[in-house]
Chemist: 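Have a look at this one.
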Amino acid sequence: MGESLDVVYKGLANLKNGFKPVPGKLYVTQEYLIHKPNDYFAEDVMIPFEDVTRIEGVMTKILGRDMLSNLLEVETKEGHIFQFVINKQKKWLAVLEEVLTEREEAEKLIWPK
């Protein structure tokens with residue numbers, strides 16, 4: 001692989017997979033966003049930043065209203081959309097902004113309104 005997989009930031013995160021969340025940990029490295037599930041039956045999700053078109057802080061809707069700032073939505077060039085349920089959304093976005101700025105890809109990050 002050749003890239004550095006030194007972890008810049010990590011935390012608990014559920015990958016939304018339809019109605020069944022996949023609990024695990026989310027890792028930010030200089031090259032990837034990686035979700036490692038707790039359940040050994042589920043596979044790791046490795047998203048290279050070079051394949052990302054958008055990373056956005058999104059709010060969870062409850063009864064049709066924006067209620068919780070706890071989602072990280074990642075869209076890839078292939079059109080796949082991953083949603084991660086996280087804590088401390090602002091901290092995650094700040095770390096991702098730092099990494100993407102170093103990669104000269106800061107335009108990919110969208111902060112919530």
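Counting from 1, the numbers follow the sequence of the chain as shown. The structure displayed is predicted, hence computed values, not measured ones.
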Chemist: Do the non-hydrogen side-chain atoms of I34 and T29 ever get within less than 4.5 Å of each other?
Modeler: yes
Chemist: Does any part of the side chain of Q30, heavy atoms only, come nearer than 4.5 Å to the side chain of V8, both counted from C-beta?
Modeler: yes
Chemist: For atom CD of E75, is the number of surrounding heavy atoms from other residues, nucleotides or ligands below 6.0 Å larger than 12?
Modeler: yes
Chemist: Would V58 end up clustered with W111 when hydrophobic side chains under 4.5 Å apart are linked, directly or stepwise?
Modeler: no
Chemist: Does the side chain of L71 come within less than 4.5 Å of K16's, by heavy atoms?
Modeler: yes
Chemist: Please answer: with hydrophobic residues joined when any side-chain heavy atoms are less than 4.5 Å apart, are L15 and M46 in the same cluster?
Modeler: no
Chemist: Begin with the C-alpha distance, continue with both residues' side-chain angles, and end with the deciding distance and a verdict on side-chain contact (heavy atoms from CB on, under 4.5 Å) for L93 and E56.
Modeler: CA-CA 8 Å; L93 292 171; E56 185 172 358; over 6 Å; no
Chemist: Angle class for the H35/F84 ring planes (parallel below 30°, perpendicular above 60°, tilted otherwise)?
Modeler: tilted
Chemist: With a 4.5 Å cut-off on side-chain heavy-atom distances among I, L, V, M, F, W and Y, is there a chain of contacts connecting I55 to Y9?
Modeler: yes
Chemist: Minimum heavy-atom separation for N14 and P23, please, with both atom names.
Modeler: OD1-CA, 3.0 Å
Chemist: Linking I/L/V/M/F/W/Y whenever their side-chain heavy atoms sit closer than 4.5 Å, directly or via other members, would L96 and V85 fall into one cluster?
Modeler: no
Chemist: Same cluster or not: are F49 and V95 linked, directly or through other Ile, Leu, Val, Met, Phe, Trp or Tyr residues, by side-chain heavy atoms under 4.5 angstrom apart?
Modeler: yes
Chemist: Taking the side chain as C-beta and beyond, is there a heavy-atom pair between L26 and K10 under 4.5 Å?
Modeler: no
Chemist: To the nearest 0.5 Å, what is the distance between CG on N70 and NZ on K88?
Modeler: 14.0 Å
Chemist: Can you measure from OG1 (T101) to CD (E107) and round to the nearest 0.5 angstrom?
Modeler: 9.0 Å
Chemist: Any donor-acceptor pair under 3.5 Å linking the side chain of K108 with the backbone of V52?
Modeler: yes
Chemist: Please find the pair of heavy atoms, one from P112 and one from G57, that lie closest to each other, and give the distance.
Modeler: CB-O, 3.7 Å
Chemist: Side-chain contact, heavy-atom cut-off 4.5 Å: T76 with T53?
Modeler: no
Chemist: Can you tell me how far CG of L63 sits from CE of M67, rounded to the nearest 0.5 angstrom?
Modeler: 7.5 Å
Chemist: Should E73 and Q83 count as side-chain neighbours, where that means a heavy-atom distance under 4.5 Å?
Modeler: yes
Chemist: Find the distance between CD1 (I86) and CG (L72) and round it off to the nearest 0.5 Å.
Modeler: 4.5 Å
Chemist: Let me confirm one number: the OH-NZ distance from Y27 to K36, rounded to the nearest 0.5 Å.
Modeler: 7.0 Å
Chemist: Less than 4.5 Å apart, side chain to side chain, heavy atoms only: is that true for D44 and P37?
Modeler: yes
Chemist: Looking at E43, I want to see if its CD is surrounded by more than 12 non-hydrogen atoms of other residues, nucleotides or ligands under 6.0 Å.
Modeler: no
Chemist: Among all residues two or more places apart in sequence or in another chain, which pass the side-chain hydrogen bond (donor to acceptor under 3.5 Å, both in side chains) test with Q89?
Modeler: none
Chemist: So do the side chains of F82 and L33 get within less than 4.5 Å of each other, counting heavy atoms only?
Modeler: no
Chemist: Closest approach of N38 and G24, non-hydrogen atoms and distance?
Modeler: OD1-CA, 3.3 Å
Chemist: The criterion is side chain to side chain contact (heavy atoms under 4.5 Å, CB included); which residues satisfy it with P48, sequence neighbours excluded?
Modeler: Y32, E50, D51
